[in-house]
Protein chains: 2
Amino acid sequence: MARTKEFNEAKALDKAIEIFWHKGYNGTSAQDLVTYLGLSRSSLYDTFGDKQKLFSKSLQRYQLQAQNTVKELLEKSENVKETLLDIFKQAVIESLEDRITKGCFMVNSSVELAMHDEEIAKIVKDNSQTMEEVFTNAVKKGQESGHISKQLDAKVLARFIFNNYSGIRVLARTGERDKQVYDDIVKAVFSVL
Amino acid sequence: MARTKEFNEAKALDKAIEIFWHKGYNGTSAQDLVTYLGLSRSSLYDTFGDKQKLFSKSLQRYQLQAQNTVKELLEKSENVKETLLDIFKQAVIESLEDRITKGCFMVNSSVELAMHDEEIAKIVKDNSQTMEEVFTNAVKKGQESGHISKQLDAKVLARFIFNNYSGIRVLARTGERDKQVYDDIVKAVFSVL
DNA sequence: GATTAAACGGAACAATCGTTCCTGAATTAG
DNA sequence: CTAATTCAGGAACGATTGTTCCGTTTAATC
């Protein structure tokens, strides 16, 4: 029989996420991938097909990870407003800590590829819809428990929250390092809830 | 003496803005530029130096145009809140009309290049600062005239407005075509003012 | 009409791109 | 052992990249 796989496919994907996230699709060369994933050209192409497929898989994996984190936090939360605040605070911390200012992989990919690559566009669209649902359910829960104002519709607030989340990630990508800027935005956002 | 320039440098730059805006820096080839600007390889390089310089000039020109539009509208406005609403409505209209979903050239460039190209990073940073000032002054004016709530600091609101403006442009870039999504966001944003 | 410089088309550059293929070593199961 | 399969490494592919250079044409000034 045959030799077993030596490298962990999932771990290789995580590596791919990192470098695509940092350098973008067009900015990452095949050589970059070989070097950074630490496996040979042949293994890379045998395992993942081509660059586009690898990117697509990476983005999908990232989406799952990111979504699950937020989803779980909100679903088991007893005070949704506070949990949402925690999520934003975490995004701010990551934006400031991040010494290589990666922003958000999904936002970056949207901007770079969504209009030129149908498959990526589909992932992005799917992500938006799912996040909208997650936030909508969370807001509804918060409104029922009295933690969030009922002045605006849950879906309206969900889209609003998601929009500001995107905005903050763009801000991070520009390299903004002034915490006050992020805090001000979060403050204004939560004055609505 | 010498022959006079046949092509209009400013018009060529506007063409460059269009294609860079649409395809991004890495996605636009030298051949794309030759074809789209309608001038020869030699003229292009003689006039603008190289691709990076052309991109930089294009982005600066775009910045000036975009800034002046918003600046003038807000400075001569008598009801700043309404003018801000007009600006957002205009962004929404452009996002929906735009058959090739360009988003915002500045946002796109931030995400694609700001962290890899110092010159671009400088332009982006300068743009953020200027826009923050413009919005801050506008909000102050609105607060003094009673059109905008004084509950939050002018600078806080300015940053908040700018963040949502970025977010909307990202949304446009993803190809979102549902007007309701944009309208919901705008509604929530203006509930703060 | 001579001079000067700009614009042009296109050839050509080296470099890099993503991808394929080959070789030989390594490792597993029967 | 043998057979099967994966590994690493690198050579090589054609295509495309950004850029330079050259010869010719065009036009404006003197």
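No hydrogens, no waters, no symmetry mates; every other heavy atom, side chains included, goes into these values. The chains referred to below are lettered A, B, ... by the order of the sequence lines, with proteins before strands, and numbering in each begins at 1.
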Is [Y] paired with [X] through a side-chain N to carboxylate O contact shorter than 4.0 Å?
X       : Y       : result
E119(B) : K57(B)  : no
D184(B) : K155(A) : no
K125(B) : E118(B) : no
D183(B) : K89(B)  : no
R61(B)  : D14(B)  : yes

[X]: which residues meet the side-chain contact (heavy atoms from CB on, under 4.5 Å) condition with it, sequence neighbours left out?
X       : result
S145(B) : H147(B)
K53(A)  : D50(A)
S191(A) : L152(B), V192(B)

Ring pair (Phe, Tyr, Trp, His ring centres under 6.0 Å) involving [X] - partner list, sequence neighbours excluded:
X       : value
F55(B)  : F20(B), Y25(B), F105(B)
F162(A) : none
Y165(B) : F88(B)

Q.
On the side chain of S42(A), is there an atom forming a donor-acceptor pair with the base of dG9(D) - under 3.5 Å, no angle test?
A.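 Such a pair exists between side chain and base.
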
Polar atom pairs between nucleotides 12-16 of chain D and protein, under 3.5 Å, N or O only, would you list them?
none

Q: Return the residues of residues 15-27 of chain A meeting this criterion: a heavy atom under 4.0 Å from some atom of DNA chain D. Order them by number, or give none.
A: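 Those residues: none at all.
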
Q: Using whole Å, report how far CD of Q31(B) lies from P of dG9(C).
A: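 Atom CD in Q31(B) sits about 11 Å away from atom P in dG9(C).
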
Q.
Applying a 3.5 angstrom cut-off to the pairing atoms, does DNA chain D sit in any stems of at least three consecutive Watson-Crick or G-U pairs? List them by first number.
A.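 Consecutive-pair runs (3 or more) involving DNA chain D: C:1-12 with D:19-30, C:14-23 with D:8-17, C:25-30 with D:1-6.
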
Q. By a strict heavy-atom criterion of less than 4.0 Å, which residues belonging to residues 113-122 of chain A are in contact with DNA chain C?
A.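 Contacting residues: none.
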
Q. What residues in residues 50-61 of chain B put a non-hydrogen atom under 4.0 Å from any atom of DNA chain C?
A.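 Going residue by residue through residues 50-61 of chain B, none turns out to have a heavy atom under 4.0 Å of DNA chain C.
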
Q.
Starting the side chain at C-beta, find the nucleotide from dG18(C), dG10(D), dT20(D) nearest to Y45(B).
A.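 The nucleotide sitting nearest to the side chain is dT20(D).
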
(Q) If the cut-off is 4.0 Å, is S40(A) near the phosphate of dA8(D), judged by side-chain N/O to OP1 or OP2? (A)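 For dA8(D), OP1 or OP2 has a side-chain N or O of S40(A) closer than 4.0 Å.
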
Q) D32(B) pairs by salt bridge (charged side-chain N to carboxylate O under 4.0 Å, His left out) with which of K51(B), K15(B), K23(B)? A)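 The passing option is K23(B).
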
Q. Is a side-chain N or O of R173(A) found less than 3.5 angstrom from the main chain of K102(A), in a donor-acceptor match?
A.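 Yes.
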
Which pairs of donor and acceptor atoms, one on a side chain in residues 67-75 of chain B, lie under 3.5 Å apart (sequence neighbours left out)?
residue	atom	partner	partner atom	Å
Q67(B)	NE2	N127(B)	OD1	3.0
N68(B)	ND2	L64(B)	O	3.3
T69(B)	OG1	Q65(B)	O	2.8

Q) Any chain of hydrophobic side-chain contacts (each under 4.5 Å) joining M115(B) to L113(A)? A)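 Shared cluster, no.
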
